[in-house]
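No experiment lies behind these values; they were computed from the predicted model shown. This chain uses plain numbering: 1 for the first residue, then up along the sequence. Numbering of ligands and ligand atoms starts at 1, following listing order.
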Amino acid sequence: MCGIVAYAGLEKAGPILFDTLKRLEYRGYDSAGIAVRCNGGIEVFKSAGRIADLEKAYKKMGSPGERMGIGHTRWATHGRPSDENAHPHISGDLAIVHNGIIENYLELRDELTALGYEFLSETDSEVLAHLINHNYRSDLSQAVSKAIQVVEGSYAVAVLSARSPYIVCARKDSPLVIGIGQGSNYVASDVPALLPYTRSVARLRDKEMALISAGQVTILDSQGQPRDLDPERIDWDVDAAEKGGYPHFMLKEIHEQPRALSETLAGRISEIEGDVRLDLGMNPWEISTLQRISIVACGTSYHAGLVARYFFPRAVGLPTDVEVASEFHHIQLRPGALLVTISQSGETADTLVALKKAKTCGVRSMAITNVVGSTVTSLVDSNIFTRCGPEIGVAATKTFTGQLAALYLLGIRLGRARNHLMPEEGRKMLAEFSRLPGLVQTVLRKKDQIEEIAKSYARFGSYFFIGRDVLYPIALEGALKMKEIAYIPAEGYAAGELKHGPLALITEGTPVVALATCGKKIQSNMKEVRARGGELIAFATEGDQDIPKIAGTVVELPATRPIYSAVLASVAVQMLAYYTARELGCEIDKPRNLAKSVTVE
Ligand code: F6R
């Protein structure tokens, strides 16, 4: 998730671009850049690293530039963080900044290379710069309009040209807001960047374009017709605005899951072949001779691995084991194993130590991570990036479901490559997978009901979460979330294990969350709880006739394939933990004693 800004006005553009970019730093921070109009041309300043360092370098050069410019803060998805991959990208006498993913960039890149365009970066965004330049005669807005017609994927883009009187912006499935000032106008990915300058904001709608100059803003609708600006007045403070109006980053990130899932899927599904496009760094022979999959991770990422322990044997046909990284020291891997490390941050010390040990056994290694350029990425043979954008809340939410999505993609790819999964089954799995973002939206709409439940049980003092099959790891995850943000002792159990001990703890009123969307076997375990006076809160498939007869409280979740029910149940338990913590007045985004990235063993 990158941030883009643009400015056209009465003041010098550079300082305003840096200031607005810094206000978007929570969206991404691995590299930054600006392009400003300067002496009839365009000057670009960009580098990997923090915005403040780039700004210092810019000031050292005498802060060049005039009254119009664009800027970008990057969160890498294609290509590592580097000076070349930083935006803006230049083509001819224009520069662009882009947020989103161009899904057909490889085809476009080949076509543009054949036409003589030279690519200087590894990004998907650079194709947009050349494509716009290729279509640019005299009117920049026409060139942008033609270019975006051939682009597949998502974009928010701002284009600056040395010869155009206005900056052109366009968006599809990626946010862009326009700040309307007095003789100065602004563009940003998000409202917080604009608040010190103006509180009058117009939101660009999907497939619209805007022409921005110092004295004028023109919005063209998806048919190319000018429309009223329709500005709204923003009265949030800066802190609330960074959180997009949500009271906590965690809640914002919970709500970002449909989008994060869509981005993680974008451009990776091949519907006709029932397959997934992922470069696993292995040739077909290497894939066919794999003997097992070993997963290593910590905390929430470990729980994602546990879901794959159920999924991989079915989809890939390979035995799969999962180990917490800090206990990996006793594991001896044999060549023929594929080691998959899962780490949101890519910096967790326990995971890195385990990975280094595994590599001494001569196995192939792979990382699933959200951070391009993190330490783990340089230690493995191949990477699968979740495209969730930066996660600020300490408790992992959107990156967890992003990891599940990446594991589903990996399972389908390996299963297809090993001929364990037939094309028809691959197609069915992917078709249902594509529905997941919408199904998550449905779960998010259960907010009021889940909040009510959270309020009712917040003060009981303990919680149980039970599930079977792929929902057992989600029971563990629900309990972890409850512990870390609401400070409530919570236990996650395989539902069948209750009777082997923990049932002794169930007394009158003990809240027990039953994740009941995957098979009927859990019903007998729920009855065991009810018989001891436990209060059952069930997450059940909509229309299930049995569960309401057993549980006092039922939240219905949409029907889906069992494997994907893990994603829907995750969102539900995240919301339950969040509203419980809120009811108890806990410090949700920064729970006590915890850090987002744990870099010690
Ligand atoms: C819990 C949480 C932690 C992390 C764990 C591993 O909400 O976030 O349990 O999952 O510290 O971190 P990564 O995934 O960065 O290796």
Exercise. Does the Arg277 side chain pair with the main chain of Gly267, one donor and one acceptor, at a distance under 3.5 Å?
Worked result: yes
Problem set entry | Ala396 N/O under 3.5 Å from ligand 1 N/O | yes
Exercise. Relative to the ring of His98, is the ring of His87 parallel (under 30°), tilted (30 to 60°) or perpendicular (over 60°)?
Worked result: parallel
Problem set entry | Min N/O separation Gln344 to ligand 1 under 3.5 Å | yes
Problem set entry | Shortest non-hydrogen contact between Leu439 and Ala559, atoms and distance | CD1-O, 4.1 Å
For this session: Using atom types as modelled and distance alone, determine if a side-chain donor or acceptor of Thr386 lies under 3.5 Å from a backbone N or O of Cys388.
Result: no
Exercise. Would you call the rings of Tyr493 and Phe464 parallel, tilted or perpendicular if under 30° counts as parallel and over 60° as perpendicular?
Worked result: parallel
For this session: With atom 6 (C) of ligand 1 as the reference point, say which of Ser343, Cys298, Gly299, Ala304 has the nearest heavy atom.
Result: Cys298
For this session: May I ask whether Thr399 has any heavy atom positioned less than 4.0 angstrom from an atom of ligand 1?
Result: no
For this session: Report yes or no: does a heavy atom of Glu347 sit under 4.0 Å from some atom of ligand 1?
Result: no
Seminar exercise, completed: Numbered in order shown, the ligand 1 atoms found under 4.0 Å of a heavy atom of Val394 are 8 (O)
For this session: Could you check which of Glu484, Gln574, Met250 puts a non-hydrogen atom nearest to atom 1 (C) of ligand 1?
Result: Glu484
Problem set entry | Partner residues of Ala297 under the side chain to side chain contact (heavy atoms under 4.5 Å, CB included) criterion, sequence neighbours left out | Ser301, Tyr302, Ile342
Exercise. Which atoms of ligand 1 sit under 4.0 Å from any heavy atom of Lys481?
Worked result: 1 (C), 7 (O)
